[in-house]
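Taking it in order: structure first as structure tokens, then the write-up.
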Number of protein chains: 2
Amino acid sequence: MADVKHSAGRQDSFAGLCREHNLKITPQRTAIYGLLKGCTDHPSADYVYRQIRQEFPNISFETVNRTLLTFAAIGLIAIVESTAGVRRFDPDMESHHHIHCIRCGTIIDFRHEGFDGIAVPESLSEKYSIIGKRVVLHVICPRCRQQEAAGMQPPG
Amino acid sequence: MADVKHSAGRQDSFAGLCREHNLKITPQRTAIYGLLKGCTDHPSADYVYRQIRQEFPNISFETVNRTLLTFAAIGLIAIVESTAGVRRFDPDMESHHHIHCIRCGTIIDFRHEGFDGIAVPESLSEKYSIIGKRVVLHVICPRCRQQEAAGMQPPG
DNA sequence: GTGATTGCAAACCTTTTGCACGCCA
DNA sequence: TGGCGTGCAAAAGGTTTGCAATCAC
């Protein structure tokens, strides 16, 4: 599975990142991380909970949810955008792209013709009916950056 | 505000699309659409509700929510992905892109080096701290396409 | 030993559904 | 006039919080 390969100088192992952030290595966390690493899709907290219960019948949903949020906070996993749950509506039906602040969650539209024309690989356009495409930039917006600079404190 | 300009042959006026789909033009729908068109961000149903109540004190949240979903269904507005509410977690922290089926909501990862290298306009990278970027393809997946073909029926 | 973590329970928030009345076409 | 659309109420689905007991370090 060509696992840890792109570490690129950053400690991206479970144990390492936990130590870095003073998180204890608990059986629950270990199990949740292990399960996640075996997922190729984007499981919800509920899915992880139901899976992990087969191994840890006593684990609670709250632990799973908190653990996932913790993992995301330390950069061990990512939270992907989806259209489930709380929905956001966009009155702009023209092709445009998004700037997504990963701190405050704000999404800002922008247009950039250079992005409109990117070519979709044939292997994909053969299999899927391409309706549209969008570039999403994950950023920290000026306001959040300021707040971070102001309230700068070690993550512990 | 350079409004209706790119109609591109498609009937994208509120009244036109409503007629096309046999939806009645009610004051509520008109007001909701008008409010949306003035939004440059991506309001939630709750935000729209609170705004619209200043004009229609008697409108209910359910009407707002249903109307928004209806608008999205007929292609008058779009639903954008967000990380609010129901979350999906991604154990894959390497740069990758997403195929998002707009029917079933499934999100599939894919890698494509051609997408990794797209250049962010300087005007943006100056203002925002770019953490990463991702191309999201909006598609109809083979399974949903089959179902559509099978159950083909007019939207009325 | 100590403080972080867990599991329980309840609160909280948003979305969805059923139904009777009212309004648009 | 007929049937869709609305508003009310309640349910449903998911997330978050407070706290005492427990466990990793």
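Predicted, not measured: the structure shown is a model, and the values here were computed from it. As a basis for the values below, the full set of heavy atoms in this structure was taken, side chains included, without hydrogen atoms, waters or symmetry mates.
Distance R19(A) CZ to dA24(D) P: 15 Å, rounded to the nearest Å. In this entry the distance linking CD1 of I74(A) with P of dT5(C) reads 10 Å, nearest Å. The nearest whole Å value for the distance from the CG atom in N22(A) to the C1' atom in dA4(C) is 10 Å. With rounding to whole Å, N65(A) atom CG is found 16 Å from dG18(D) atom C1'. Between I25(A) atom CD1 and dC23(D) atom C1' the separation is 14 Å, expressed in whole Å. Look at CZ on F71(B): it is 11 Å from P on dG5(D), rounded to the nearest Å. The CZ-P distance, from F14(A) to dA24(D), rounds to 12 Å in whole Å. In this structure, E62(B) atom CD and dT15(C) atom C1' are separated by 9 Å, rounded to whole Å.
Atoms CG and NZ, from N22(B) and K24(B) in turn, are 10.0 Å apart once rounded to the nearest 0.5 Å. Atom-to-atom distance recorded for E20(A):CD and L23(A):CG is 10.0 Å, nearest 0.5 angstrom. To the nearest 0.5 Å, atoms CG (D92(B)) and CZ (R111(B)) are separated by 4.0 Å.
For the OP1/OP2 pair of dG5(D) and a distance below 4.0 Å, the side-chain nitrogens and oxygens of T63(B) include no atom meeting the criterion. OP1 or OP2 of dG7(C) sits under 4.0 Å from a side-chain N or O of Q28(A). Neither OP1 nor OP2 of dT5(C) sits under 4.0 Å from any side-chain N or O of R66(A). Look at R87(B) and you won't find any side-chain N or O under 4.0 angstrom from OP1 or OP2 of dG13(D).
Taking the centre of each ring, H112(A) and H96(A) stay at or above the 6.0 Å mark.
Residue D46(A) is out of contact with every strand shown, counting any heavy-atom pair closer than 4.0 Å. Across all strands shown, L68(B) has no heavy atoms under 4.0 Å from either base or sugar-phosphate atoms.
Two residues, L23(B) and F61(B), neighbour DNA chain C, and the one matched to the more 5' nucleotide by heavy-atom proximity is F61(B). Toward the 5' end of DNA chain D, the nearer of the two residues G85(B) and N58(B), judged by each one's closest nucleotide, is N58(B). Where A45(A) and T67(B) each meet DNA chain D at their nearest nucleotide, the meeting point lying more 5' is that of T67(B).
Between D109(A) and R134(A), no side-chain nitrogen of the basic residue sits less than 4.0 Å from a carboxylate oxygen of the acidic one, so the salt-bridge criterion is not met.
Within the hydrophobic cluster formed by Ile, Leu, Val, Met, Phe, Trp and Tyr side chains joined at under 4.5 Å, directly or through other members, F110(A) is accompanied by I99(A), I108(A), F115(A), I118(A), V120(A), L124(A), Y128(A), I130(A), V135(A), L137(A), V139(A), I99(B), I108(B), F110(B), F115(B), I118(B), V120(B), L124(B), Y128(B), I130(B), V135(B), L137(B), V139(B).
Recorded end-axis angle for the helix from dG1(C)-dC25(D) to dA25(C)-dT1(D) stands at 50°, based on five pairs per end and rounded to 10 degrees.
Applying the ring-ring contact (aromatic ring centres under 6.0 Å, His included) test to pairs two or more places apart or on separate chains, those with a residue in residues 60-84 of chain B are F14(B)-F71(B), Y49(B)-F61(B). Every pair passing side-chain hydrogen bond (donor to acceptor under 3.5 Å, both in side chains) that includes a residue from residues 61-83 of chain A is listed here, sequence neighbours excluded: S60(A)-E62(A), S60(A)-T63(A), E81(A)-H100(A), E81(A)-H138(A). For residues 46-57 of chain A, the set of pairs meeting the salt bridge (Lys or Arg N to Asp or Glu O under 4.0 Å) definition, not counting sequence neighbours, comprises D46(A)-R50(A).
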Short N/O separations, protein against nucleotides 20-23 of chain C, under 3.5 angstrom:
none

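The nucleotide whose nearest atom lies closest to any side-chain atom of V86(B) is, among dC19(C), dG5(D), dT15(D), dT15(D).
The neighbour count for F56(A) CZ, taken as heavy atoms of other residues, nucleotides or ligands under 6.0 Å away, is above 12.
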